[in-house]
Amino acid sequence: MSETVVTMLTNAFSVLVFPGLLFVMIVGLLLAGIDRKVLARMQKRKGPPVLQPFYDFFKLMGKETIIPDAANRRVFLAAPIIGFVSLVVMVVLIPIGGYTPFGITFNADLIVMLYLLTIPAVALIIGGSSSGSPYAGIGISREMVTMMAYELPLVIVLLTVALKVGGGSFCFSLGEISAWQETNGALITHWELIPAAIAFLFVIPAEVGTQPFDVAEAETEICEGPLVEYTGAPLAMFKLNTAIKMFVMTALFTVLFFGNAVATEYLALNALIVVAISAGITVLSMTLAHAVCARLKIEHLFKFYWTVVTALAAISLVLVWCL
Amino acid sequence: MIIVNYIVSVALIALGLFAVCTKKNLIKIVLGLGIIDYGINLMIVSIGYVPGGTAPVYTLSDFANFVSVSFVDPVPQALTLTSIVIGACVDALALSLVIMIYRKYKTVNADEVRRIRG
Amino acid sequence: MMEMFNNYEVVKHFPVIAVMGLFLFAFLIEIFGAKCKIIRNTLTLIATGGAFALILGLIPMVFGEGNVISYWMGDWKPVAGYAIGIGYEVDALSLFFGLLVSGTFFLSSIYSIKYMSRDHHLGHYYTLFLMLSGSVLGLVLTGDIFNMFVMIEIMTFASVALTAFRNKKGIALEAGFKYLILGSIGSSLVLAGIAVLYMQCHTLNMAQISSIIGGAGLNPSLVFAFALMFAGFGVKSYIVPFHTPAADAYMAAPSSISMVFSGMVNKAGVYALIRLTYTIFNAMDIPAVNILLVTLGAITMFIGVTMALAQHDFKRLLAFHSISQIGYVITAIGLGTALGLSSGLFHAMNHTMFKGLLFLCAGAVFYATGTTDLDKLGGLSKRMPKTTICFLIGAFSISGLPPFNGFASKWMIYQSVYAKGVESGNFAYIFATIVALVVSVMTLASFIKVTQAVFFGQLPDKLKDTKEVPFAMRLPMWIMSGLCILSGVFYRFVDVNVLYPVRNAAFGVKNYISSMLGGEAAAAASNVSSEEFFTLWDPKLWLILFAIVLLAVCIVVLLGDKTLGAVRKNKASEESDGKYATFFGGEKSTHSHVAGSDLFWGFKKDFKGYFKFMQGMHSGSVNDYALYVVVGTALIVATMFIFVL
Amino acid sequence: MFKKIIAKSMSKSPWIYHVNTGSCNGCDIELVAVITPRYDAERFGFKLAGTPRHADIVVVSGPITSQSKDRLARTLEQVPEPKVVVSIGSCPQSGNVFKGSYSVEGPLEKYTHVDVAIAGCTPKPEAIIEGLYKAAQILQEKREAMEK
């Protein structure tokens with residue numbers, strides 16, 4: 001009896017504190033802050049404090065929530081929560097440094113990850129759509145096209161990793177991929193996977209929706225797109241979702257390409273390492289692109305992903321298949 | 001000459017398909033369908049044919065004399081009958097649709113009967 | 001009472017009673033129900049409900065004990081192993097499809113009562129409806145290949161007549177005509193194949209044909225017959241390039257009929273393909289057949305979904321999605337592995353549920369507003385909230401979002417295709433996996449388009465008075481939604497209790513033959529390689545997790561009502577409207593509809609050439625469509641001759 | 001505790017929505033200059049928002065023309081509470097050189113309460129930053145007042 005209580009408590013702890021709700025909120029907002037600070041330094045500005053996203057979040061929580069007349073109230077309010085919850089659940093499933101709170105049987109699978117990643121985007125789309133604004137209409141169409149654009153290279157990268165690790169047998173489990181790298185070295189050190197890693201780095205900003213690829217939320221042309229009618233707490237949730245997505249994507253990169261190769265015996269240290277790598281990848285993939293590029297047009301974005309990025313991923317796939 | 005039957009039936013099927021694919025008049029297309037059916041019916045009947053066979057009926061004298069009879073296969077003929085009936089139904093339904101289409105569209109040209117496309 | 005279902009001598013009459021009962025009631029309705037609404041509805045419900053109950057009654061016998069029910073019309077039992085009479089043979093595969101058929105028709109008949117109430121000549125409608133249901137049920141239960149052909153023909157007639165039922169609109173007639181022409185070319189192909197097959201085997205019983213072919217192996221004539229029937233059943237399951245009439249017919253038919261078309265009539269073609277490849281020719285060990293099916297499936301799913309993205313009409317869009325999803329099913333069954341077959345069948349079952357649900361939603365929208373044109377609709381979620389929820393469930397299911405059923409089956413499909421690719425070392429399967437995954441996103445995209453264009457967005461002034469549809473129409477929608485969620489969450493249960501027996505039946509050809517013809521004792525039912533679904537995903541646990549986090553968030557939000565922010569739930573009466581109006585850059589809010597054609601132009605612009613070409617190919621001309629069938633058949637025959645022989 | 005954090009955050013992350021009511025663009029350019037690397041108002045958490053729904057501070061520049069009057073009113077209405085209105089330049093306060101024109105219906109005070117008025121034609125970026133910073137403090141006060 002007491003054992004079940006302990007299990008339940010540990011499970012509740014892993015969902016609500018680490019690596020779940022609380023941890024991911026703090027780390028996600030921290031990553032967003034680092035992104036903004038580093039960006040400012042790249043542009044020779046002083047920039048906002050690293051804690052700025054926290055201020056934004058709490059400020060939005062304290063604002064009035066307006067539900068427009070044209071909106072469907074239930075969907076409008078439920079959408080950000082659904083997106084947030086599925087992101088938190090996803091983080092629990094990612095084996096950070098080989099740590100799997102619910103045991104290997106409830107580990108994440110590549111395809112499941114791929115589909116869970118679409119839920120926050122769908123939540124944003126449905127929420128925006130339900131607000132009844134034409135700006136949101138255009139925004140969701142762009143969001144959807146962006147999603148189609150990055151999905152193809154993402155799929156190919158995931159299958160490449162699965163092929164490499166499986167090596168003639170079937171392997172979709174993130175836990176196995178992570179464990180494989182402990183003995184065979186991090187996947188990033190295998191030269192044939194480097195194009196795939198680069199492709200994944202390109203996928204991250206589109207998935208998160210940061211500057212050069214934020215066509216869906218272009219504030220200067222379509223008034224923040226799907227978010228146009230959102231105020232107060234739901235908007236805060238969406239901002240939080242974006243921040244958490246940063247961590248999820250970068251943590252996924254860490255698991256796929258570093259895996260257990262960087263893991264130690266201590267859980268806290270592992271978490272620290274993963275956060276550090278995540279921050280590095282954030283700077284590398286999102287901040288750099290943000291500082292260098294202006295926002296793309298949607299058709300250019302689509303073309304870019306289905307040609308350059310897909311080609312990179314496909315090169316890796318073919319190399320892995322042939323070797 | 002059973003081979004002639006097969007050649008003719010294939011020719012009929014090809015002719016029917018040609019009519020369906022190229023003729024612009026809806027009624028001609030329906031006729032093309034009919035021709036395909038006839039080709040297939042001819043083929044099925046020919047399958048059951050046995051050289052020198054008789055009607056597939058035993059008489060008592062056959063049993064009494066233990067005469068070994070060779071008769072044509074009756075099953076294909078049953079199939080053909082069914083298939084002819086079905087073919088007639090197809091033609092009737094198609095022609096009735098053509099009449100209705102003519103009332104709505106005022107034409108039986110296949111190139112003009114295409115409001116659903118893309 | 002329960003004893004009855006375990007008594008073989010009683011149970012064996014059920015299939016034939018179900019089929020014949022439906023045909024009988026079809027004509028009873030024409031005689032008694034032409035004038036009186038109550039008699040008509042009662043007779044229809046009795047017939048479809050009775051058929052469903054009878055088929056349900058077969059479950060303990062077939063799924064439970066793994067028996068195969070064989071029934072000879074007029075008790076013409078085979079003599080010396082030679083089958084002459086027409087036989088009905090129900091194994092788990094037939095029963096699986098039989099259940100889907102009878103269940104779908106039952107739900108559709110409930111829906112029809114209200115949905116069709118504004119039309120005239122309903123006696124004819126229900127007659128044709130029951131004819132259709134009887135023929136599809138007969139098709140999946142029969143063990144005789146010519147009987148199958150006859151059922152296909154009855155199915156085609158009834159479908160055509162029902163497609164053209166609302167003949168006030170020209171497009172219904174046009175769609176019916178195209179459907180008839182292409183359908184009968186397909187039937188002719190099947191008949192020609194049967195003729196060649198009969199020439200070789202001198203029998204029409206599927207079990208016997210199978211045993212003869214299994215003994216003698218393939219010769220050119222048999223390959224020719226195989227190719228012809230393959231193409232013919234391909235026309236019936238509407239794989240590309242034979243898909244054109246389906247898109248027209250599903251659009252023009254009444255929604256209750258579109259539901260059964262998409263749910264069952266094309267699934268009947270899939271059933272026939274499975275029977276053809278697995279049972280009759282036992283051809284799934286031939287790599288060329290696998291590759292052919294997988295290629296056709298991949299092409300079908302891609303063309304279906306891209307055409308759907310370009311549509312302006314709700315139902316035509318759904319029709320192209322039906323084609324696309326059939327592509328998934330064909331891909332999966334084409335693998336010839338146990339996991340592939342069960343994933344394909346699971347997806348077929350799920351497709352029946354969610355596509356039926358979506359067509360019913362389209363019907364509800366049509367019933368409430370009188371149009372299905374995406375450019376004229378919008379903002380219905382405030383007027384029809386319940387339909388919106390049903391639609392969202394269906395849309396999420398078809399796009400494969402967890403934890404709905406579409407995800408479970410699609411996931412099995414990806415896994416099986418990928419596993420086959422890794423095992424056989426053929427890159428084509430890996431490519432098919434990528435195509436399937438990308439098509440899934442595009443499916444999501446086109447349903448986002450529908451969501452935005454019909455249910456969300458702004459409400460046009462014309463539709464201000466729209467009302468929610470009556471309960472009799474919502475009931476089947478709720479049932480379907482419930483099934484979508486249940487089979488998604490408890491997919492493991494479905495896998496073990498339904499799909500295992502079905503795939504064992506499909507692979508257990510020896511058992512099928514012996515229980516039909518007597519002969520040697522039934523071989524062990526499960527001679528299938530016990531390939532398991534490699535699962536790391538448990539939707540139940542995931543849902544529990546989801547619930548925990550949701551609860552935590554909700555508690556915070558509820559507490560936050562006082563401390564965190566001034567969240568005001570409702571508009572106070574003294575406040576002006578301006579605050580709650582949609583933001584238009586300061587302008588007064590007006591109606592500005594973002595939907596339909598212009599939603600994904602960023603994507604379409606990059607594929608302009610492709611879309612132009614594809615839309616040109618769907619020219620609407622019967623001649624062109626017939627030409628595609630001929631060319632497709634020729635290609636299939638050529639492929640078979642080159643690679644299979 | 002949350003109340004305190006929220007109130008403090010109010011002054012640390014004010015988002016600006018800018019409305020031009022017939023300005024000569026001089027003030028607009030200076031407002032944009034405020035977020036350039038040289039002045040970098042993002043130090044204080046300022047950010048230009050794309051829609052009034054996200055805004056905390058509404059910045060109005062220009063004399064209120066009759067064409068823009070209704071639009072301004074609608075936009076101000078759509079900003080969620082607590083909100084602060086800031087006017088930039090002399091035009092919204094007095095009409096400046098446009099005063100007396102047939103199409104000018106200023107000043108801004110006629111339509112809404114102005115919390116901070118930044119004078120000058122055009123005000124220097126430093127002045128604008130100071131004005132906005134003060135507006136942020138007012139925002140915090142308003143939030144604290146709302147709680148009572």
Side-chain angles (χ1 to χ4, degrees), chain B residues 6 9-10 13-14 16-24 26 29-30 32-34 36-37 39-48 73-76 78-80 82-83 85-87 89-94 96-105 109-118, chain C residues 84 146 149-150 153-154 156-157 160-161 164 167-178 180-185 187-189 191-192 194-196 198-199 202-204 247-248 251-252 307 310-313 316 611 614-616 618-627 629-631 633:
Chain B
Y6 289 123
S9 81
V10 169
I13 294 171
L17 284 176
F18 176 76
V20 174
C21 292
T22 56
K23 292 295 165 196
K24 295 292 175 196
L26 293 185
I29 292 173
V30 178
L33 274 187
I36 298 174
D37 274 347
I40 293 173
N41 289 341
L42 181 58
M43 184 160 87
I44 300 176
V45 171
S46 312
I47 286 167
D73 190 347
V75 176
L79 302 190
T80 315
T82 318
S83 164
V85 173
I86 290 173
C89 288
V90 170
D91 293 350
L93 187 56
S96 69
L97 279 174
V98 173
I99 292 170
M100 296 289 284
I101 286 174
Y102 183 73
R103 282 191 197 149
K104 295 283 175 202
Y105 288 71
N109 186 344
D111 280 345
E112 287 165 45
V113 186
R114 47 193 202 117
R115 284 185 201 167
I116 316 174
R117 60 177 149 176
Chain C
I84 302 289
F146 192 75
F149 164 74
V150 174
E153 282 289 9
I154 298 173
T156 311
F157 294 152
V160 169
N167 56 16
K168 287 206 183 65
K169 287 185 293 182
I171 56 165
L173 297 165
E174 183 191 333
F177 186 76
K178 288 175 195 165
L180 180 58
I181 299 294
L182 270 79
S184 39
I185 294 178
S187 312
S188 299
L189 288 172
L191 185 57
I194 292 173
V196 179
Y198 184 82
M199 187 156 48
H202 292 286
T203 178
L204 292 168
D248 300 353
M251 171 191 176
M307 282 307 292
Q311 296 309 317
H312 296 225
D313 188 279
R316 193 166 163 81
F611 278 109
M614 284 317 296
Q615 291 194 314
H618 294 77
S619 60
S621 158
V622 191
N623 303 113
D624 290 356
Y625 291 175
L627 195 63
V629 174
V630 174
V631 172
T633 311

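Note that these values count all heavy atoms, side chains included, but never hydrogens, waters or copies made by symmetry.
- Residue C/Leu204 touches chain B through its side chain alone, counting heavy-atom pairs closer than 4.5 Å.
- With respect to chain B, the highest number of heavy-atom pairs below 4.5 Å among C/Ile185, C/Ile171, C/Thr156 belongs to C/Ile171.
- Contacts with chain C were tallied for B/Leu26, B/Val98, B/Ile13; B/Leu26 has the most, counting heavy-atom pairs under 4.5 Å.
- Of the listed residues B/Asp111, B/Ile101, B/Leu79, the one with more heavy-atom pairs under 4.5 angstrom with chain C than any other is B/Leu79.
- With rounding to the nearest 0.5 angstrom, the CD atom of C/Gln311 is 8.0 Å from the NE2 atom of C/His618.
- Contacts of B/Thr22 with chain C are made by backbone atoms alone, with heavy-atom separations under 4.5 Å and no side-chain atom involved.
- Atom CZ of B/Phe18 has 12 or fewer neighbouring heavy atoms from other residues, nucleotides or ligands inside a 6.0 Å radius.
- Only the side chain of C/Phe146 has a heavy atom closer than 4.5 Å to any heavy atom of chain B.
- Only the side chain of B/Leu33 comes within contact range of chain C, judged by heavy atoms closer than 4.5 Å.
- Contact of C/Met307 with chain B is made through the side chain alone, with heavy-atom distances under 4.5 Å.
- Contacts of B/Tyr102 with chain C are absent, with no heavy-atom separation under 4.5 Å from either backbone or side chain.
- With a 6.0 Å radius and a threshold of 12 heavy atoms from other residues, nucleotides or ligands, B/Lys23 has its NZ atom at or below the threshold.
- Counting heavy-atom pairs closer than 4.5 Å to chain B, the top-ranked of the candidates C/Ala164, C/Gly183, C/Ser184 is C/Ser184.
- Heavy atoms from other residues, nucleotides or ligands lying under 6.0 Å from CZ of C/Phe611 number more than 12.
- We find the CG-CD1 distance between C/Leu173 and B/Ile99 to be 11.5 Å, quoted to the nearest 0.5 Å.
- Most heavy-atom pairs under 4.5 Å with chain B: of the set C/Ala247, C/Ala192, C/Ala195, C/Ser619, this distinction falls to C/Ser619.
- Scanning both residues, C/Ala172 and C/Ala252, for their nearest heavy atoms gives CA-CB, 3.6 Å.
- A distance-only check finds no donor-acceptor pair linking the side chain of B/Tyr105 to the backbone of B/Glu112 [under 3.5 Å].
- With respect to chain C, the highest number of heavy-atom pairs below 4.5 Å among B/Val75, B/Asp37, B/Val30 belongs to B/Val75.
- Options C/Met251, C/Glu153, C/His202 differ in how many heavy-atom pairs under 4.5 Å they form with chain B, and the most are formed by C/Glu153.
- With a 6.0 Å cutoff to the six-membered ring centre and a 45° limit on the axis angle, B/Arg114 does not count as a cation-pi contact of C/Tyr625.
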Query raised in the report: Does the side chain to side chain contact (heavy atoms under 4.5 Å, CB included) test come out yes or no for B/Ile47 and C/Tyr198, once each step is laid out?
Result: CA-CA 8 Å; B/Ile47 286 167; C/Tyr198 184 82; 3.9 Å; yes

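- When heavy atoms are compared at a cutoff of 4.5 Å, B/Met100 approaches chain C by way of both its backbone and its side chain.
- Ranked by non-hydrogen atom pairs under 4.5 Å with chain C, the options B/Gly87, B/Ser83, B/Ser9, B/Cys89 are led by B/Cys89.
- Shown here for B/Ala19 and B/Gly32, the closest heavy-atom pair between the two residues is CB-CA, 3.9 Å.
- Proximity to chain B involves both the backbone and the side chain of C/Glu174, based on heavy atoms less than 4.5 angstrom apart.
- Looking only at side-chain heavy atoms (C-beta outward), C/Val196 and C/Met199 come within less than 4.5 Å of each other.
- In terms of heavy-atom pairs under 4.5 Å with chain C, the best-connected choice from B/Thr82, B/Ile44, B/Val113 is B/Val113.
- For a residue to count as touching a neighbouring chain, one of its non-hydrogen atoms must lie under 4.5 Å from one of that chain's; by this rule B/Leu17 touches chain C with the side chain only.
- If you measure heavy-atom distances from B/Leu93 to chain C, the contacts under 4.5 Å come from both the backbone and the side chain.
- Residues B/Ile29 and B/Lys24 have side chains not in contact (no heavy-atom distance under 4.5 Å, counting atoms from C-beta outward).
- Heavy atoms closer than 4.5 Å to chain C are found in the side chain of B/Ile40, but not in its backbone.
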